Peer 1: 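Structure in structure tokens, see below.
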Amino acid sequence: MNNMSAFELSEQEIQRRESLNKLREMGINPYPADLYPVTDYATVIKDKFEEGKQVCLAGRMMSQRDMGKASFAELQDSSGRIQLYFNRDEICPGEDKTMYNQVFKKLLDLGDFIGVKGYMFTTKVGETSVHVQEFTLLSKSLKPLPLPKTDAEGRIHDAFTDPEMRYRQRYADLVVNPHVKEIFIKRTKLFTAMRQFFNDAGYMEVETPVLQSIPGGAAARPFMTHHNALDIPLYMRIANELYLKRLIVGGFDGVYEFSKNFRNEGMDRTHNPEFTAMEIYISYKDYNWMMEFTERLLEHCAVEVNGSPESTFGEHTINFKAPYKRVTMRQSIIDFTGFDIGGKSEEELFNAAKGMGIAVDNTMGKGKLIDEIFGEKCEGNYIQPTFITDYPKEMSPLCKEHRDNPELTERFELMVCGKEVANAYSELNDPIDQRERFEEQVRLAEKGDDEAGQFIDYDFLRSLEYGMPPTSGLGIGMDRLIMYLTNNPSIQEVLFFPQMRPEVHTVKIELSDNEKVIFDIIQKEKSMDLNALKMQAGLSGKQWDVSIKGLTKQNLVKVAKINEELIVDLV
RNA sequence: GAUUCCGUAGCUCAGCUGGUAGAGCAAUACACUUUUAAUGUAUGGGCCCUGGGUUCGAAUCCCAGCGGGAUCACCA
């Protein structure tokens, strides 16, 4: 559906345009340029009520209750809503009552931005309100908002709920659904809290390239683009890890970045093609230190966002209060399956997984098999924040080998509600080992493992050769974290503008009768010789000329000259 | 990608086994000087997602498409 075309204005849209014109005729500019001297905000003056206090505020008029010579309206600004009281003889003290009778009562529509000056008072019924002495139209709204109504018990009626329209028209969603705005305020609070925590610890926020010639740091299908001047392919980053590590090589102690990453993969309730990860790298630390840092960080963030370390997600109450339980992957698999992966061969793991009813195939190595068992049997059980540690080496090409066991890595993931929200390593800084791991990934990719990385970033290896201090790194899926902190099971609810299929605008075009005749023929044939079409249409030379030009102009057909013959094609 | 549900007025939704389209809110007009889902009276507003098919007749039944939701699969 679309309302983009001027041909299809609804009745209400036409009425609003007429009001707009009337206002102009009365000398009222519906889109004035001058600033409006706002001094107050709706909820602030409601919370700190002072009888008779002069106020000046601005916002959208969201409801109007006319009672003849007096009226009530509601003003919604960025802070919330407040009731306005309009009295005819105070708005219009003289003989001329136009401002009240015409402008306020007739020509203003719900959704219009107005500015009001007046004083605070309480109505008979006890509602704190602004007694308006003067109002100004600040901006006219030409399209009716999908406005719900709220009753005395606070129940919302006819709420604007259609997810498609809410996501496509987030601006309208934000105006009429205050709880939606709340989600995004919390989202920003989360980012602020995290920044503050890192900055207080002395770490530095940095920016690294979004356009990369080698998309490294993760295994995912990248978006490709092209740089014209250099005439080279470029990729949108899938991760920023390798660039942050280069900065650690360069001598920064701690660097972090909120990284918009892009992955050209499927979309669903928890995946959007562009999403935000936070990555931080801190030198001279290991993953044990990072676990302690992470739990303090998340407790801090939860408190800043929700005022409490506890957060509700669906049927669960998640407690982000540190410390979190730590379980090795080996122990976790023992806990939930009774099977001990320690020291087992690939064949034994293969058979064990098969015995658990897990779909296995021959391309799977040890690491992949263990990961499948964990993903299938264990992962979903961790509701409260839990660190799962010591992942198999094969799955972690950027992570340092475990100090006690060469088959494992010093890696942890933080599980919340059965999903990964953070991932951290003692970072691999041995350039020779790193090169071998990359080469192993390329072999796996060639074998058909589409999760393995296919590119080797030789510049990154060069930087490691100069020497990277022992470093621990942490990555957090910001979208997923804010989903948990705002009780939203869908990523679309925590992104202002989630990816959608583009809207199709079927433009309705009025064709003349003659144009229709031609169009009907060409629509069947798709493409035909111009003279044959002219004959079939049976129009006079002049009628033909006007009609075919009309169709070409409306971009419905195209006339092309091929080998001295004129061909008409359907567009 | 698979399965399934949905698409009707600005919004939220009815519309039965096919018979010329309905409500509430919103809108327009009138009345009303402290209402608050204000109220009362009257009025207007629809490519019923698109395209085919069946039928004397389709919002309704069938097929295809488009868009969206949910579940599953995939996603270090």
Side-chain angles (χ1 to χ4, degrees), chain A residues 1-3 7-16 18-19 63-74 81 83-90 100 105-106 109-111 121-127 129 131 141-168 172 176 217-221 238-239 263-271 273 275 359 367-368 370-372 374-375 391-392 394-399 409 411 413 420 423 425 441 444 449-453 475 489-490 492 500-504 506 508 523:
Chain A
M1 289 241 244
N2 86 92
N3 300 292
F7 298 101
E8 335 184 23
L9 290 179
S10 70
E11 186 194 29
Q12 295 192 43
E13 288 172 304
I14 292 164
Q15 282 163 358
R16 284 179 180 226
E18 282 166 3
S19 301
S63 71
Q64 208 181 7
R65 293 181 287 278
D66 269 340
M67 262 159 305
K69 298 183 185 63
S71 294
F72 290 92
E74 269 179 303
R81 289 193 185 186
Q83 179 169 270
L84 307 176
Y85 173 69
F86 289 80
N87 184 306
R88 187 193 69 180
D89 296 328
E90 291 189 55
Y100 180 77
K105 276 170 74 173
K106 301 254 166 25
D109 293 294
L110 299 190
F121 81 114
T122 308
T123 64
K124 262 189 205 164
V125 206
E127 173 105 12
S129 310
H131 192 124
S141 162
L142 294 181
K143 206 171 164 58
L145 286 163
L147 253 185
K149 283 233 161 188
T150 311
D151 68 17
E153 280 87 56
R155 280 191 305 255
I156 297 169
H157 300 260
D158 304 333
F160 182 54
T161 50
D162 179 350
E164 176 170 8
M165 280 197 282
R166 287 185 44 236
Y167 302 151
R168 287 196 194 281
V176 303
R221 196 137 35 104
I238 55 174
R263 296 187 182 178
N264 205 341
E265 288 167 352
M267 294 161 57
D268 62 25
R269 215 168 71 262
T270 54
H271 296 85
F275 64 98
K368 180 79 179 160
I370 293 168
D371 193 61
E372 286 292 323
F374 177 76
Y391 281 63
E394 193 183 317
M395 305 299 296
S396 318
L398 296 161
C399 183
T409 51
R411 171 178 182 181
E413 285 194 358
E420 170 204 342
N423 181 21
Y425 307 147
Q441 287 293 305
L444 286 172
D449 183 349
D450 46 13
E451 288 174 23
S490 163
Q492 298 170 105
M500 301 284 270
R501 277 209 156 78
E503 265 177 290
V504 271
T506 47
K508 193 177 158 195
Q523 206 163 23

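Naming convention: chains lettered A, B, ... in sequence-line order (proteins, then strands); numbering from 1 in each chain. This is a predicted model, so every value here is computed, not measured.
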Peer 1: I'd like the P distance from rC49(B) over to rA59(B), given in whole Å.
Peer 2: 10 Å

Peer 1: Rounded to whole angstroms, how far apart are CD1 on I156(A) and C1' on rG24(B)?
Peer 2: 17 Å

Peer 1: Under 4.0 Å between a side-chain N or O of K149(A) and OP1 or OP2 of rA26(B)?
Peer 2: yes

Peer 1: Identify the nucleotide, in any strand shown, that forms a Watson-Crick or G-U wobble pair with rU12(B), with both distances under 3.5 Å; if there is none, say none.
Peer 2: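 Because both required distances fall under 3.5 Å, rU12(B) counts as paired with rA23(B).
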
Peer 1: Please report the distance separating the C1' of rC6(B) from the corresponding atom of rA14(B), rounded so that it comes out in whole Å.
Peer 2: 15 Å

Peer 1: Nearest whole Å is fine: how far is rU33(B) C1' from K124(A) NZ?
Peer 2: 9 Å

Peer 1: For C399(A) and T409(A), which heavy atoms make the closest approach, and how far apart are they?
Peer 2: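 It is SG-CB, 3.5 Å.
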
Peer 1: What distance, rounded to whole Å, do you find between the two C1' atoms, one in rG51(B) and one in rC56(B)?
Peer 2: 23 Å

Peer 1: Any strand counts, and the cut-off is 3.5 Å on both contacts for Watson-Crick or G-U wobble. Which nucleotide pairs with rU36(B)?
Peer 2: none

Peer 1: By the 4.0 Å heavy-atom rule, please label R411(A) as base, sugar-phosphate, or nothing.
Peer 2: sugar-phosphate

Peer 1: Please compare T161(A) and T270(A) by the position of their nearest nucleotide in RNA chain B and report the one closer to 5'.
Peer 2: T161(A)

Peer 1: Measure the distance between the ring centre of H157(A) and the centre of the six-membered base ring of rG24(B), then answer whether it is under 5.5 Å with planes under 30°.
Peer 2: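 Aromatic stack with rG24(B) absent for H157(A).
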
Peer 1: Quantified in whole Å, what is the C1' atom distance between nucleotide rU71(B) and nucleotide rA76(B)?
Peer 2: 25 Å

Peer 1: Between the base of rA27(B) and the side chain of E11(A), is there a donor and acceptor pair under 3.5 angstrom?
Peer 2: no

Peer 1: Could you check which nucleotide pairs with rG46(B) in any of the strands shown, counting Watson-Crick or G-U wobble with both distances under 3.5 Å?
Peer 2: none

Peer 1: How far apart are the closest heavy atoms of E13(A) and P144(A), and which atoms are they?
Peer 2: CG-CD, 4.0 Å

Peer 1: Can you measure from NE2 (H131(A)) to CG (N87(A)) and round to the nearest 0.5 angstrom?
Peer 2: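 H131(A) atom NE2 to N87(A) atom CG measures 5.5 Å (nearest 0.5 Å).
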
Peer 1: Looking at rA29(B), which nucleotide sits across from it as a Watson-Crick or G-U wobble partner, both distances under 3.5 angstrom, or is there none?
Peer 2: rU41(B)

Peer 1: Using atom P of each nucleotide, how far apart are rA37(B) and rC25(B) to the nearest Å?
Peer 2: 13 Å

Peer 1: Counting N and O atoms only, with roles assigned by atom type, does the side chain of R411(A) sit under 3.5 Å from a partner on the main chain of Y425(A), one being a donor and the other an acceptor?
Peer 2: no

Peer 1: Tell me whether T122(A) contacts the main-chain N or O of G126(A) through its side chain, where contact means a donor paired with an acceptor under 3.5 Å.
Peer 2: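 Flag not set: sc T122(A) to bb G126(A) has no pair under 3.5 Å.
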
Peer 1: For Y85(A) and D151(A), find the nucleotide of RNA chain B closest to each by heavy atoms; which residue's nucleotide sits nearer the 5' end?
Peer 2: Y85(A)

Peer 1: In whole angstroms, how far is the C1' atom of rC13(B) from the CE atom of M165(A)?
Peer 2: 12 Å

Peer 1: Determine which nucleotide pairs with rG57(B), using a 3.5 Å limit on both distances of a Watson-Crick or G-U wobble pair.
Peer 2: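 Per the H-bond distance test, none.
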
Peer 1: Just checking F121(A): base, sugar-phosphate only, or nothing, at a heavy-atom cut-off of under 4.0 Å?
Peer 2: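 Base contact - F121(A) has a heavy atom under 4.0 Å of at least one base atom.
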
Peer 1: In this structure, how many angstroms lie between the C1' atom of rA73(B) and the NE2 atom of H271(A), rounded?
Peer 2: 12 Å

Peer 1: If you measure from the P atom in rA9(B) to the same atom in rC48(B), how many Å do you get, rounded?
Peer 2: 9 Å

Peer 1: Contact class for E74(A) vs. all strands (heavy atom < 4.0 Å): base, sugar-phosphate, or nothing?
Peer 2: nothing

Peer 1: By the 4.0 Å heavy-atom rule, please label E90(A) as base, sugar-phosphate, or nothing.
Peer 2: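 The residue E90(A) makes no contact with any strand.
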
Peer 1: So Q12(A), base contact, sugar-phosphate only, or nothing? Heavy-atom distance under 4.0 Å.
Peer 2: base

Peer 1: Does R65(A) put a side-chain nitrogen or oxygen below 4.0 Å from OP1 or OP2 of rU35(B)?
Peer 2: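 For R65(A), the contact criterion (side-chain N or O under 4.0 Å from OP1 or OP2 of rU35(B)) is not met.
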
Peer 1: If you look at every strand shown and take non-hydrogen atoms under 4.0 Å, does R501(A) touch a base, only sugar-phosphate, or nothing?
Peer 2: sugar-phosphate

Peer 1: Please classify the nucleic acid contact of R168(A) as base, sugar-phosphate, or nothing, using heavy-atom distances under 4.0 Å.
Peer 2: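 Sugar-phosphate, backbone atoms only, no base.
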
Peer 1: Is a donor-acceptor pair below 3.5 Å formed from side chain D268(A) to base rC75(B), judging by atom type as modelled?
Peer 2: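 Side chain to base: no pair below 3.5 Å.
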
Peer 1: By side chain to side chain contact (heavy atoms under 4.5 Å, CB included), which residues pair with D109(A), not counting sequence neighbours?
Peer 2: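 With sequence neighbours excluded, D109(A) shows a side chain to side chain contact (heavy atoms under 4.5 Å, CB included) to R16(A), S19(A), D112(A), K140(A), given in chain and number order.
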
Peer 1: State the pairing partner of rG18(B); accept Watson-Crick or G-U wobble contacts with both distances under 3.5 Å, and report none otherwise.
Peer 2: none

Peer 1: Please test R81(A) against E74(A) for salt bridge (Lys or Arg N to Asp or Glu O under 4.0 Å), starting from the C-alpha separation and ending with a verdict.
Peer 2: CA-CA 6 Å; R81(A) 289 193 185 186; E74(A) 269 179 303; 3.6 Å; yes

Peer 1: Hey, is the side chain of E164(A) pairing donor to acceptor with the base of rG68(B) inside 3.5 Å?
Peer 2: no

Peer 1: Hey, what's the ring geometry for Y391(A) with F374(A), parallel, tilted or perpendicular (30° and 60° as the breaks)?
Peer 2: perpendicular

Peer 1: Taking only N and O in the side chain of K69(A), is any of them less than 4.0 Å away from OP1 or OP2 of rU33(B)?
Peer 2: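 Yes, K69(A) has a side-chain N/O under 4.0 Å of OP1/OP2 on rU33(B).
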
Peer 1: Return the value, rounded to whole Å, for the distance between atom CZ of F72(A) and atom P of rC32(B).
Peer 2: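 These atoms are roughly 16 Å apart.
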
Peer 1: Scan R269(A) against the nucleic acid and name what it touches under 4.0 Å (heavy atoms): base, sugar-phosphate only, or nothing.
Peer 2: sugar-phosphate

Peer 1: When the distance from CD of E18(A) to C1' of rG44(B) is rounded to whole Å, what number comes out?
Peer 2: 13 Å

Peer 1: Give a yes or no answer on whether the side chain of E265(A) reaches the backbone of R221(A) with a donor-acceptor pair at less than 3.5 Å.
Peer 2: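 A pair under 3.5 Å: yes.
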
Peer 1: Please work out if F160(A) contacts a base, only the sugar-phosphate, or nothing of the nucleic acid, heavy-atom cut-off 4.0 Å.
Peer 2: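 Result for F160(A) = sugar-phosphate.
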
Peer 1: Test your reading of the model: is there a side-chain donor-acceptor pair from K105(A) to the backbone of G68(A), 3.5 Å cut-off?
Peer 2: yes

Peer 1: Roughly how far apart, to the nearest Å, are rA58(B) and rG44(B) at atom C1'?
Peer 2: 27 Å

Peer 1: Distance criterion of 3.5 Å, no angle test: do you see the side chain of E127(A) paired donor-to-acceptor with the base of rU35(B)?
Peer 2: no

Peer 1: Quick one: label T150(A) by what it contacts on the DNA or RNA (base, sugar-phosphate, nothing), any heavy atom closer than 4.0 Å.
Peer 2: sugar-phosphate

Peer 1: Roughly how many Å is it from CE in M67(A) to P in rU35(B), rounded to a whole number?
Peer 2: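 From M67(A) CE to rU35(B) P: 7 Å.
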
Peer 1: When both hydrogen-bonding distances must be under 3.5 Å and the geometry is Watson-Crick or G-U wobble, what is rA73(B) paired with, if anything?
Peer 2: none

Peer 1: Under the ring-ring contact (aromatic ring centres under 6.0 Å, His included) rule, collect the residues that match up with Y100(A), sequence neighbours excluded.
Peer 2: F104(A)

Peer 1: When you compare rG18(B) with rG57(B), how far apart are their C1' atoms, in angstrom units rounded to a whole number?
Peer 2: 8 Å

Peer 1: Kindly state whether the ring of Y85(A) and the ring of F121(A) have centres lying under 6.0 angstrom apart.
Peer 2: yes

Peer 1: Dump the pairs, protein N or O against N or O of nucleotides 28-31 of chain B, anything under 3.5 Å, distances to one decimal.
Peer 2:
residue, atom, partner, partner atom, Å
rC30(B), OP2, K106(A), NZ, 2.7

Peer 1: Roughly, in whole Å, what's the span from CG in L145(A) to C1' in rU12(B)?
Peer 2: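 One finds 15 Å between C1' of rU12(B) and CG of L145(A), rounded.
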
Peer 1: Can you figure out which of rA26(B), rA76(B), rG69(B) approaches the side chain of L110(A) most closely?
Peer 2: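 Of the candidates, rA26(B) comes closest.
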
